[in-house]
**Student:** 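Just dropping this structure here.
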Amino acid sequence: MAASSVMMPYFSQQVSSKSDMVPDWTRQEVSTGTTIMAVEYDGGVVIGADSRTTTGAYIANRVTDKLTRIHDRIYCCRSGSAADTQAIAEVVAYQLGFHSIELDEPPLVETAANLFRASCYRYREELTAGILVAGWDRRKGGQVYSVPIGGMLVRQPVSVGGSGSTYIYGFMDSNYKPGLNKDQCMELTATALTLAMERDGSSGGVVRLASISEEGVERRVILGNQLPKFSTH
Amino acid sequence: TLSQQAASGEMGRTTIIAIEFDGGVVLGSDSRVSAGASVVNRVMNKLSPLHEKIYCALSGSAADAQTIAEIVNYQLDVHSIEIGEDPQVRSAATLVRNISYKYKEEMSAHLIVAGWDRRNGGQVYATLKGLLTHQPFAVGGSGSSYVYGFVDAEYHRGMSREESQQFVINTLSLAMNRDGSSGGVAYIVTIDEHGTEEQVILGNQLPTFFDQ
C-alpha cells in the first residue's frame with residue numbers, strides 16, 4: 001500500500017518509484033499469504049493459522065494473530081489482503097453483535113457465515129479475502145464454513161485456506177477421518193500447518209491454535225522450536 | 001484441428017513421483033495428457049525407459065519431454081557400449097540435465113531420472129530447469145503441489161519395496177483427486193538389482209479417502 005508516500009510526500013516527489021532508494025516492499029500491498037485450517041469434532045471446532053504477514057518479500061509481522069473473534073463462540077480465520085479481511089471481520093462482528101442483542105440469545109455460526117458471504121459476494125470485485133468461519137452453537141454444535149475468494153459459502157467438516165493450503169490437501173485427505181476427538185484435531189491441525197509452513201514462503205512463524213466448544217474458547221501458541229519435525233529436514 | 005491440439009499436448013499438467021528405497025527405486029505417474037480443457041490421451045504412460053534399469057518420469061511439454069527421453073536413450077546405449085557395462089544412474093541424469101540446461105529457454109520439460117546401478121544402488125535425480133540434484137524422493141507436475149505436505153509427513157528412510165510402492169500409489173491417488181489436470185490410471189515402475197517391474201493400477205483400484 002502507498003503508506004510511504006503519505007508519510008513523506010515531499011520526499012516521494014524527488015524519488016521515483018523505480019529508484020533503488022525506495023525499497024520494493026513499500027509499494028506492495030500487505031497480504032496474509034498464509035495457511036489457515038479449521039476442523040469440526042463432536043462438541044466443537046479446532047482452528048489454526050500461521051503468523052506471517054508480508055509486504056512483498058518483507059515480513060511485516062511475524063507474530064500475527066489471524067484467528068479473529070467475531071462473537072463469544074464464533075471465530076474466523078483470515079487469508080488474503082490483511083486490510084480487506086480486517087475490515088470485513090469488524091463489520092461482521094458489529095452486525096452479529098447487534099443481531100444477537102435483538103434475538104437475546106447467542107448467534108448461530110451459520111448466521112455469521114452468511115454475513116461474511118454477503119459482504120464478500122457483494123464486493124467481490126474489490127476484495128481479496130478467503131475466510132474460514134468456525135464456532136459452536138447450541139443448535140448444530142461445532143461447524144466450519146468456508147467463504148473463499150468470490151464469495152461462495154459451503155459447510156465442510158474440515159477446510160484449509162490461504163496460499164499454503166495447496167501443499168496440504170493431500171495430507172488432509174489422507175489423515176482426516178470423521179469422528180476424531182479434540183486432541184486429535186489439534187494435533188492434525190498443528191502438523192498440517194507445520195508442513196505447509198515448511199513449503200510455503202508466505203507462511204511461517206508460530207502456529208496459533210484455538211478450540212471452541214460449549215465450555216468456551218481455549219487458545220494456544222506453538223513456537224517454532226516446538227513444532228513437529230519431519231525426516232526430510 | 002484435433003492433430004494440432006494433440007501436438008500441443010501438455011504433460012506439465014500431471015503428477016509424477018520417484019522414491020528411493022533400500023535396494024532400488026519406485027517411479028509413478030498419472031496418465032492424463034490435456035490440451036487446454038480437453039483430455040487428448042487418458043492412458044498415457046509417462047514413465048519412459050532410458051536403459052534397462054534406468055527410467056525417467058516425464059512432465060511439461062509432451063513433445064519436449066519425449067524427445068529428450070529418446071535422445072538420452074540413444075546416448076546411453078552408445079555410452080554403455082563404450083564402457084562395456086551398464087551405465088550409472090548419475091550418467092543418465094547428467095545427460096538429461098545437459099539437454100535441459102542447454103535448451104532451457106526453448107524447452108519446457110522436467111524429467112525425474114531414477115534407477116538402480118551396481119555402484120550406488122537405487123537413486124533419484126531431479127533435473128528441473130537444468131539443475132541436477134540427488135534426492136531421497138522427488139515429485140513433479142501440477143499435482144505435486146497438493147501432496148508436498150503428505151510426502152513430507154509420510155516419507156521416512158528404510159522403507160521396504162512394498163511400502164515404497166504403496167507410498168507412491170497413495171501419493172498419486174491423493175494428487176489425482178485434487179488436481180484437475182491429473183487423472184486416469186496410475187503407472188508404477190519398480191527397479192532393483194533383480195530387474196524392472198511395470199504395473200498399472202486402474203482407477204477403481206486406487207485407494208479412496210474419507211470423502212469418497
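Letters A, B, ... are given to chains in the order of the sequence lines, protein chains preceding strands, and every chain is numbered from 1. The shown structure was predicted, so the numbers you read here are calculated from the model rather than taken from an experiment.
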**Student:** Take a 6.0 Å sphere around CG of B:Asn120 and say whether it holds more than 12 heavy atoms from other residues, nucleotides or ligands.
**Tutor:** yes

**Student:** With a strict 4.5 Å heavy-atom criterion, list every residue of residues 173-189 of chain B that contacts chain A, or say none.
**Tutor:**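 At a heavy-atom separation under 4.5 Å, chain A is reached by B:Leu174, B:Arg178.
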
**Student:** Just to verify, what does A:Leu153 make a side chain to side chain contact (heavy atoms under 4.5 Å, CB included) with, not counting sequence neighbours?
**Tutor:** A:Ala113, A:Asn114, A:Arg117, A:Tyr145, A:Val147

**Student:** For B:Asp211, look at atom CG and say whether over 12 heavy atoms of other residues, nucleotides or ligands are found less than 6.0 Å away.
**Tutor:** yes

**Student:** If you check every heavy atom in residues 201-210 of chain B against those of chain A, which residues fall under 4.5 Å?
**Tutor:** B:Phe209, B:Phe210

**Student:** In residues 167-174 of chain A, which residues are in contact with chain B at a heavy-atom separation under 4.5 Å?
**Tutor:**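 So far as heavy atoms go, A:Tyr167, A:Ile168, A:Tyr169, A:Gly170, A:Phe171, A:Met172, A:Asp173, A:Ser174 are the residues that approach chain B to under 4.5 Å.
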
**Student:** Rounded to the nearest 0.5 Å, what's the gap from CG on A:Asn175 to CD on B:Glu154? Could you check?
**Tutor:** 5.5 Å

**Student:** Given a strict heavy-atom distance threshold of 4.5 Å, which part of B:Gln212 is in contact with chain A: side chain, backbone, both, or neither?
**Tutor:**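 No part of B:Gln212 comes within 4.5 Å of chain A.
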
**Student:** Could you give the distance from CG (B:Asp152) to CD (A:Glu198), rounded to the nearest 0.5 Å?
**Tutor:** 7.5 Å

**Student:** Does A:Arg155 CZ have over 12 foreign heavy atoms under 6.0 Å away?
**Tutor:**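 Enclosed: over 12 neighbouring heavy atoms sit under 6.0 Å from CZ of A:Arg155.
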
**Student:** Around A:Arg219, counting heavy atoms of other residues, nucleotides and ligands shown, do more than 12 lie under 6.0 Å from its CZ?
**Tutor:**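 Yes, CZ of A:Arg219 has more than 12 neighbouring heavy atoms, counting only those of other groups under 6.0 Å.
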
**Student:** Within a radius of less than 6.0 Å around CD of A:Glu187, do more than 12 heavy atoms belonging to other residues, nucleotides or ligands occur?
**Tutor:**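 No, the 6.0 Å shell around CD holds no more than 12 heavy atoms from other groups.
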
